[in-house]
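Just so we're on the same page: letters track the sequence lines, and every chain starts at 1. These figures come from a predicted structure and were not determined experimentally.
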Protein chains: 2
Amino acid sequence: MKHIAESTVRRLSLYLRFLEQSRREGKDTISSGDLAGLGGTTSAQVRKDLSFFGSFGTRGLGYSVSALSRRIREILGLEREWRVVIIGAGKIGAALAQYRGFADRGYRIVGIYDVAPARIGVSLDGITVRDQKELEGDAARLKPEIALLAVPPTAAQTLVERAAKAGIRGILNFAPAQIHAPAGVEVRHVDMALELEILSYALTNARKK
Amino acid sequence: MKHIAESTVRRLSLYLRFLEQSRREGKDTISSGDLAGLGGTTSAQVRKDLSFFGSFGTRGLGYSVSALSRRIREILGLEREWRVVIIGAGKIGAALAQYRGFADRGYRIVGIYDVAPARIGVSLDGITVRDQKELEGDAARLKPEIALLAVPPTAAQTLVERAAKAGIRGILNFAPAQIHAPAGVEVRHVDMALELEILSYALTNARKK
DNA sequence: GTGGGCTTGTGAATGATTTCACAAGTTACA
DNA sequence: TGTAACTTGTGAAATCATTCACAAGCCCAC
Ligand SMILES: NC(=O)c1ccc[n+]([C@@H]2O[C@H](COP(=O)([O-])OP(=O)(O)OC[C@H]3O[C@@H](n4cnc5c(N)ncnc54)[C@H](O)[C@@H]3O)[C@@H](O)[C@H]2O)c1
Ligand SMILES: NC(=O)c1ccc[n+]([C@@H]2O[C@H](COP(=O)([O-])OP(=O)(O)OC[C@H]3O[C@@H](n4cnc5c(N)ncnc54)[C@H](O)[C@@H]3O)[C@@H](O)[C@H]2O)c1
């Protein structure tokens, strides 16, 4: 398959949200214009995005809400369950552990790890925090595929490498640290400080333009 | 000034991190190649990014770490203090309130709001959570410029509008909700569910490519 | 002060993404 | 069946972002 731009994948994920909302509202079909209106884009963009994966619309009518939802879910890999571990049971790690939104999307938390004695043994949403030393040993049993990494920046690189050795192929990193991803492992970043700085850039330079 | 791409601003913010790290390591100058090596980019990209704002390097030598830091900080609007409120003192809101990283960068939390009686009156890092009804009334005194919005998705749009009326010009939204930004207000999103879905897309389609 | 070695700054070229524009297909309805 | 009103799917054009490539400038050693 031809390479798909990240911007396209990001929009697909948004379209899926709008489709689910439309389904809740009882709609059976939706046009590219409707989808574009809900996100901040154009109908041509929506059609182009979808066209990379085939053609699932009906001319004159639009897209079937349920069929398109199913297809996008399939493209994004959401038809299956993903086994997720959280590394770092601090403030962010605990919030992630207790967040219902992930479970609803098929991300199942199978383990939580920390290094601090005060955190080990604590139960978060039914899962007991374990010592980070057990990460590799537990992997055979838990078969984790994705890690949410919420440790201090100085610990991040080491844990990415350990996670990779434990068979984890995807990492969502919350630490503001540059990370070298081992081969075959996809690392993405949620960097709140960066977003805040982009915001203050925009506010500072709003008048100029 | 010519319009600057968001990707450029995002990289500037990263360069600033690397510069601060280099300063801690005692370096006085740094070349575009060094900066590129620390982030995942090329030296031409670094020079092009900086060239939009002027020329601060010395041929043959590179950039002065302290001068370039100062200049980027100025571009991003980090030379001043920003007055920030947190709306929604739940799990994410509380984590944000207690995070030291923001204060270190000049983002000062001046107020925290919630609607739940159980949360109102709680003290987070020295700031008492107040009733969200007071948001507008407090604004004259607190003069907030940025809001971190950590409420359920259904409440997000209303609060963006109220924040705008209270004089807030920039909003960092954590709720997975599409939001219509009032004129003159910049809204950015930190969408963890979206990032996770991009990750599972990458894992699902890793072999093909 | 001269020359060798580095590094910047920037037009021009390339590559990627978005927008345009329209033929072709579908529905609704008389 | 005919036609009016829509909407998709997609090449082509336009726009935007990155990479190339090199002249120009500076440092330093001698
Ligand atoms: N609002 C926020 O809290 C916020 C915002 C932006 C970024 N971040 C980043 O997210 C990360 C986590 O932040 P936090 O606020 O949850 O910090 P925290 O200190 O509350 O949590 C970090 C946890 O990681 C654990 N840890 C440390 N080393 C470990 C190791 N080797 N193995 C396993 N666990 C280990 C600590 O014991 C601690 O419980 C940090 O990198 C921080 O910079 C946090
Ligand atoms: N790990 C996470 O917790 C996580 C991950 C991704 C996204 N999010 C999103 O972040 C947002 C907050 O998540 P959370 O986990 O902190 O939820 P939470 O339920 O712990 O906190 C939400 C808080 O907002 C308050 N609130 C509700 N309506 C309000 C109003 N009108 N004014 C002021 N406060 C109001 C509630 O009382 C509650 O304290 C949600 O939109 C959630 O979808 C959370």
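Look at B/T42 and you'll find a side-chain N or O under 4.0 angstrom from OP1 or OP2 of D/dT19. Of the side-chain N and O atoms in A/S31, none sit less than 4.0 angstrom from OP1 or OP2 of D/dC6. For A/Q45 and C/dT19, the shortest distance from a side-chain N or O to OP1 or OP2 is below 4.0 Å. One finds no side-chain N or O of A/S55 lying less than 4.0 angstrom from the OP1 or OP2 phosphate oxygen of D/dT8. Phosphate proximity of D/dT18 to B/R11: present, with a side-chain N or O under 4.0 Å from OP1 or OP2. Residue B/Y63 has no polar side-chain atom (N or O) positioned under 4.0 Å from OP1 or OP2 of C/dC6.
Checked against D/dA17, D/dA24, C/dC20, the side chain of B/R59 finds its nearest nucleotide in D/dA24. Distances from the side chain of B/A5 to the nucleotides D/dA17, D/dC22, D/dA23 place D/dA17 closest. Checking D/dT10, D/dT8, D/dC20 against every side-chain atom of B/A44, the shortest atom distance belongs to D/dC20. The side chain of B/T58 has D/dC26 as its nearest neighbour among D/dC26, C/dT17, D/dT18. Of all nucleotides listed (C/dT17, C/dT19, C/dG11), C/dT19 comes nearest to the side chain of A/K48.
Following rounding to the nearest Å, A/L50 (CG) and D/dT10 (P) show an atom-to-atom distance of 11 Å. The CZ atom of A/R47 sits 7 Å away from the C1' atom of D/dG9 (whole-angstrom rounding). In this entry the distance linking CG of B/D28 with P of D/dC26 reads 20 Å, nearest Å. Protein atom CZ of A/F52 is 10 Å distant from nucleotide atom C1' of C/dT18, rounded to whole Å. Nucleotide C/dT8 holds its C1' atom 13 Å from the CG atom of B/L35, rounded to whole Å. Rounded to an integer number of Å, the gap from CZ of A/R10 to P of C/dA16 is 19 Å. D/dA17 atom C1' lies 15 Å from atom CD of A/E6, rounded to whole Å. Rounded to a whole Å, the CZ atom of A/F56 is 16 Å from the C1' atom of D/dT7.
Toward the 5' end of DNA chain C, the nearer of the two residues A/G60 and A/T41, judged by each one's closest nucleotide, is A/T41.
Counting any heavy atom pair closer than 4.0 Å across all strands shown, A/S43 reaches no nucleic acid atom. Backbone-only contact: B/S32 has heavy atoms under 4.0 Å from sugar-phosphate atoms and none from a base. Using a 4.0 Å heavy-atom criterion, one finds that B/S7 contacts the sugar-phosphate atoms exclusively.
Identified under the side-chain hydrogen bond (donor to acceptor under 3.5 Å, both in side chains) test for residues 146-157 of chain A, with sequence neighbours left out: A/Q157-A/E161.
Remark: the backbone N or O of B/A89 is paired with a side-chain donor or acceptor of B/D114 at under 3.5 angstrom.
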Assess the residue pair B/F102 and B/Y99 against the criterion (ring-ring contact (aromatic ring centres under 6.0 Å, His included)); give the C-alpha distance rounded to whole Å, side-chain angles, the decisive distance to 0.1 Å, and a yes or no.
CA-CA 6 Å; B/F102 294 149; B/Y99 184 53; 4.8 Å; yes

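Checked for salt-bridge contact, B/E145 and B/R83 miss the test: no charged N lies under 4.0 Å from a carboxylate O. Ion pairing between a basic and an acidic side chain is recognised when a charged N comes within 4.0 Å of a carboxylate O; B/R17 and A/D191 show such pairing. For the pair B/E79 and B/R70, the salt-bridge criterion is not met [side-chain N within less than 4.0 Å of a carboxylate O].
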